[in-house]
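The structure under discussion appears below in the form of structure tokens.
Naming convention: chains lettered A, B, ... in sequence-line order (proteins, then strands); numbering from 1 in each chain. Heavy-atom basis, side chains included; hydrogens, waters and symmetry copies ignored. As the structure is a computational prediction, the values presented were derived from the model and not from experiment.
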Amino acid sequence: KNEVEQSPQNLTAQEGEFITINCSYSVGISALHWLQQHPGGGIVSLFMLSSGKKKHGRLIATINIQEKHSSLHITASHPRDSAVYICAVLAYTGNQFYFGTGTSLTVIP
Amino acid sequence: DSGVTQTPKHLITATGQRVTLRCSPRSGDLSVYWYQQSLDQGLQFLIQYYNGEERAKGNILERFSAQQFPDLHSELNLSSLELGDSALYFCASSVAVQGADTEAFFGQGTRLTVV
């Protein structure tokens, strides 16, 4: 049983398309993170949120605590957005992180 | 550059051996987190230290241990290594204990290969 489910697992888009990656979780959380992992392996934290919506440039993250669901949107996608996007939640109980299996995004020029 | 330094970047060792992975957090960060990323398990949280004390424990095997030193760097010790321990090991740091307003910064990882 996975505490965090992401969809889709793989996503291919044309440059310029609007992209949505979804994350659902089953535990009570104090925070949710969206991480980006590039082919070289390095991980970057994109967003950390506990309610509402955050925006950085072309990236938007939303969370609905009641529905235990978060979405990551990329507007005007670009080939450099190609990466694996991972949803991670910090559970209230045990102060422990649970991770989704990631969404592999490929943006084609 | 996140400011989090992990060494070594790559490590190849034989089964049964013991290795130590090192993490230097960003200047001023008191919390250090260790994660394991393997092909079949994805990312898994191992353990967290805050200002030298263990704060949270995840799926960390008994063969693994960690500590955070007074200068706040941390070491992850892996012993009696098995082939299945081959993975990327990430360290992250944050100013405080993770919560809604505390961002974590990740190191580049140590790729461990057990042969």
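- Note on ring orientation: taking the six-membered ring where Trp is involved, the planes of H73(A) and F18(A) are parallel (angle under 30°, cut-offs 30° and 60°).
- Between chain A and the residues R111(B), Q37(B), Q108(B), the most heavy-atom pairs under 4.5 angstrom are made by Q37(B).
- In this structure, the portion of I86(A) lying under 4.5 Å from any heavy atom of chain B is its side chain and not its backbone.
- For a residue to count as touching a neighbouring chain, one of its non-hydrogen atoms must lie under 4.5 Å from one of that chain's; by this rule T101(A) does not touch chain B.
- Residue contact with chain A, scored on non-hydrogen atoms closer than 4.5 Å, involves the side chain of L88(B) exclusively.
- Two rings, from F106(B) and Y35(B), have their centers less than 6.0 Å apart.
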Identify all side-chain donor-acceptor contacts of residues 56-65 of chain A below 3.5 Å with residues at least two apart in sequence or on another chain.
residue : atom : partner : partner atom : Å
H56(A)  : ND1  : L46(A)  : O            : 3.3
R58(A)  : NH1  : T75(A)  : O            : 3.2
R58(A)  : NH1  : A76(A)  : O            : 3.1
R58(A)  : NH1  : D81(A)  : OD2          : 2.9
R58(A)  : NH2  : D81(A)  : OD1          : 2.9
R58(A)  : NH2  : D81(A)  : OD2          : 3.3
N64(A)  : OD1  : Q66(A)  : N            : 3.1
N64(A)  : OD1  : E67(A)  : N            : 2.9

Under 3.5 Å, which donor-acceptor pairs do the side chains of residues 59-66 of chain B form with other protein atoms, sequence neighbours left out?
residue : atom : partner : partner atom : Å
N59(B)  : ND2  : Q44(B)  : OE1          : 2.7
R63(B)  : NH1  : S79(B)  : O            : 3.0
R63(B)  : NH1  : S80(B)  : O            : 3.1
R63(B)  : NH1  : D85(B)  : OD2          : 2.8
R63(B)  : NH2  : D85(B)  : OD1          : 2.9
R63(B)  : NH2  : D85(B)  : OD2          : 3.2

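- With a 4.5 angstrom heavy-atom cutoff, L35(A) touches chain B only via side-chain atoms.
- The aromatic ring centres of H33(A) and F97(A) sit less than 6.0 Å apart.
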